[in-house]
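Letters A, B, ... mirror the listed sequences (proteins, then strands); counts begin at 1.
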Protein chains: 2
Amino acid sequence: MTASPRRARRSSGRITLADVAQAAGVSPITVSRALREERSVDPVLVQRVREAADALGYVPDPAARALASQRSTQVLVLVPMLSNTLFVDLLESVHRVLFPAGFQPLIGVTHYDSAEEELLLRTYLPHRPAGLLVTGFDRSETARQLIARSGVPCVHLMETSEAPGVHCVGFSQVDAGAAITGHLLARGRRRIAFCAAQLDPRTLQRAEGYRRALREAGLYDPQLELLSPESSSISLGARLFEEMLQRMPGIDAIFFCNDDIAQGGLLAANRLQVPVPQRIAVAGFNDLAGSDQMVPPLTTVRTPRGEVGQAGASMLLGLMRGTPAPASCIQLGYELVVRGST
Amino acid sequence: MTASPRRARRSSGRITLADVAQAAGVSPITVSRALREERSVDPVLVQRVREAADALGYVPDPAARALASQRSTQVLVLVPMLSNTLFVDLLESVHRVLFPAGFQPLIGVTHYDSAEEELLLRTYLPHRPAGLLVTGFDRSETARQLIARSGVPCVHLMETSEAPGVHCVGFSQVDAGAAITGHLLARGRRRIAFCAAQLDPRTLQRAEGYRRALREAGLYDPQLELLSPESSSISLGARLFEEMLQRMPGIDAIFFCNDDIAQGGLLAANRLQVPVPQRIAVAGFNDLAGSDQMVPPLTTVRTPRGEVGQAGASMLLGLMRGTPAPASCIQLGYELVVRGST
DNA sequence: CTGAAAGCGCTTACAG
DNA sequence: CTGAAAGCGCTTACAG
């Protein structure tokens, strides 16, 4: 007696592939293929499909597409911190490559914390991102496995590695650290201190470069190093400057591992009326916004984060499309920017 | 003769709801409900389902969920620019509220460009975000309609409006601009200049506050305003300082619309050896990183972006869950931070 | 080059 | 409180 058809209708009112197919007089498959340019479709049909799609204002449903194809068009991008403007520049260039290519960056911030990175991976990997962009190589074994087992193409940014099968774009943080230290040496400095914050892998690589340069000059002294695990900031830089100067009054230069702490150091020098560079030369790293406006302007290393983002995203694009470029590891350069502070 | 069953198998190897259901000895629906706590389910079954899910390592497929429910768990967050650390702070607090609640922020950067904002909305709205967080009210009519027609709950940040049905969390940029100008007046300044960049709505609201305060004091002079459409930056601040001083040598104070240009102005003063605050008082806006370290330290207005993000995300959470809080518009305060530069 | 069928892994809408 | 059926809107896998 209950003859009412028990149909669970729940149309979302959305224009679907089927609507376009009907309007164009072809099958849904053909619409799908025509719109994605996946397989050769009769140009005449392609044209008809496109017109129908435009006329109806058809927009593919990303969820349906992701479910059917087991792949979304989002690209997970993991960076340590946005308060370091280095990563803002990096994200900007990544976006400029990925977005026009039909992929959307999904930004995750790890706060230099491997547990947070793991949580982000656990949360986002089930979304089946089309690709993955991560910062450096320092992560938990679990995170590493999550990435590997996901099968999602991954490119590492900011550091390089020669390990086989690894895709990366970066530059030598060690060499760059050695180069700026070498510059200070060339300027005649002999008691060159190193102040660092955060102590992430790249910072420690710069420390290594610093040590290498000083050892080669026979001037290395562990007492000249001040390493703080705190987050990098202008105010921390000011504190480190004062502390270093108090602890080792004989220093004639400081290499700060990042421009923000270097700027803080310079401001502390201004406040304490320590003549820079006469009494102490100050150098930074990364050439961040404002460094050229300091008094005196800050000598630093210009790092190619824009290019790293651009090249890394392009490499990932190749991987995602199945047409990877030959190189799996790109080593970019850096540039010494000598200004008034040294 | 072709007896082979024509089945299009394409299991992804993934653990599904059905697997959990089988293991727990219940129907898939019950698993779905137990895990989402959507409807009351027998506690005994819930327990069994949870154990089965844990044992199998079940992770729901976001794409399938989004397709079936017409709603993803992502929240689109649109900000103008990440190089303004104000928005980094905002995003940070938004993440802290949303992520633990099971929603993932999807960050979009508009670069203060309404066409870019439209493109982001067109790209991301089809993903059916669970919610939307946007900056201010200034957008194209098209963007406004895209948002309204999408039916996605939306909260506006950083500005407030009394329009009915609008959800927002912000503070009065006008009042804050007037307050800092009032402070300069109270310090006895009479020729108070205003330097601004970007000229986005919030900057112009601060300008309004500046004008209001000076008009009330009978000291308003349009010649004292220097408005640049360029992006805000430390180096632009330095240029604006020099230009302003050259154009109007009689000024005795400058209110910069944002701390980055104020910092640049302060550095220019250092370089040109213009005594601050003796010859010229300098004030900024937002209390960004580094302002407290300037020489002299910068007087500014501390704006509650962290609280805006926190309250805005919480309000959105209520909207998304269908349990909106009573207030649809929250007006927060700001705080004058008087330091050595005034 | 084109298509009919099945399936991706969930949730909605009904029923009981 | 629980479930069988249908459906969300695509793409894959086969065939021809």
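Both A:P28 and B:L45 lie near DNA chain D, and the one whose nearest nucleotide falls closer to the 5' end is B:L45. Nearest-nucleotide positions on DNA chain D for B:A64 and B:V26 put B:V26 closer to the 5' end.
Pairs of residues two or more places apart, or lying in two chains, that qualify as ring pair (Phe, Tyr, Trp, His ring centres under 6.0 Å) and include a residue from residues 140-165 of chain A are A:F137-A:H156. The ring pair (Phe, Tyr, Trp, His ring centres under 6.0 Å) pairs that include a residue from residues 12-32 of chain B number zero, where partners must be two or more places apart or lie in different chains.
Between D:dT2 and B:S27, no contact under 4.0 Å exists linking OP1 or OP2 to a side-chain N or O. The phosphate of C:dT12 has OP1 or OP2 within less than 4.0 Å of a side-chain N or O from B:R36. At C:dG3, one or more side-chain N or O atoms of A:T30 fall inside 4.0 Å of OP1 or OP2 (strictly under the cut-off).
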How does DNA chain D read in dot-bracket, base by base from 5' to 3', with Watson-Crick or G-U pairs under 3.5 Å and | used when the partner is on another strand?
|||.||||||||.|||
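Near DNA chain C, defined here as any heavy-atom distance below 4.0 Å, there are no residues from residues 47-56 of chain A.
Under the salt bridge (Lys or Arg N to Asp or Glu O under 4.0 Å) criterion, B:E162 pairs with no residue, sequence neighbours left out. Take B:R96 and apply the salt bridge (Lys or Arg N to Asp or Glu O under 4.0 Å) test, not counting sequence neighbours, and it matches no residue.
Remark: side-chain polar atoms of B:S32 are not paired, donor with acceptor, to backbone N or O of B:P28 under 3.5 angstrom.
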